[in-house]
Amino acid sequence: MAHRFPKLIAFDLDYTLWDLWIDTHVTPPFKRNEGDLNRIVDSHDREIAFYEDVASILHRLRATDVTIAACSRTHAPKLARQALTMILVPPPVGHPDASPTPAIEYFDQAELYPGSKLTHFKQLHEKTGIPYSEMLFFDDERRNREVKKLGVTFCLVPDGLDNVNFEAGLEEWRSAHPEPVHGEE
Ligand SMILES: [Mg+2]
């Protein structure tokens with residue numbers, strides 16, 4: 001089947017989902033202006049928002065049983081969590097009357113702390129029981145490809161996540177993990 005998904009898809013935050021380093025580029029307190037979707041601002045009015053295609057990718061995954069994880073080496077985990085809590089994801093296209101949803105609600109797991117991402121993925125594995133071969137990770141930084149050592153499929157997105165590289169990552173995972181032929185194990 002062409003549209004298999006891995007059991008877990010993880011996303012880095014800084015420069016993968018949004019266009020900044022949450023631990024150095026913004027200053028709390030954050031606020032959300034009335035009516036704003038996919039947008040909060042810091043105390044200097046600097047915007048924190050997901051890249052354009054992120055909302056639709058989250059909607060797409062929510063319609064599957066994929067476990068969604070955030071995985072960041074940030075030195076400001078509380079701020080990252082706060083931003084995810086405050087950013088409202090607009091409803092899916094075609095459902096204009098649905099309520100916007102706080103971004104944090106899309107993430108089943110969040111591993112947010114400094115250090116090697118090997119630790120983040122070992123934690124994800126421990127908490128979910130999902131094998132590394134069923135994990136796909138999107139990240140803008142090449143150094144984090146070390147998670148491949150565990151068996152995680154790594155998709156580098158140097159300019160952030162979009163529909164094109166999301167699809168490419170899925171394809172890469174599918175071709176690395178072909179479905180067993182019926183009758184074989
Ligand atoms: Mg990053």
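Read the numbers this way: they start at 1 and go in the same order the structure lists the ligands and their atoms. Sequence positions, counted from 1, serve as the residue numbers for this chain.
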inquiry  = I'd like to know: is the Mg ion (ligand 1) within the 2.8 Å range of an N/O/S atom from Asp139, strictly under that distance?
reply    = no
query = Any N/O/S atom, backbone or side chain, of Glu141 lying under 2.8 Å from the Mg ion (ligand 1)?
reply = no
note = Restricting Asp12 to its N/O/S atoms, the closest one to the Mg ion (ligand 1) is OD2
query = If you measure from the Lys or Arg side-chain nitrogens to the Asp or Glu carboxylate oxygens, is any gap between Arg73 and Asp12 under 4.0 Å?
reply = no
key: By side-chain contact (heavy atoms from CB on, under 4.5 Å) - contacts of Ala98 (at least two apart)   = Pro91, His95
message = Would you compute the distance between atom OG1 of Thr16 and atom CZ of Phe138 and round it to the nearest 0.5 angstrom?
response = 10.0 Å
inquiry  = In this structure, would Trp21 and Leu17 fall into the same cluster of hydrophobic residues linked by side-chain contacts under 4.5 Å?
reply    = yes
ask   = What angle, in degrees and rounded to 10°, do you get at the Mg ion (ligand 1) when you join it to O of Asp14 and to OD1 of Asp140?
value = 90°
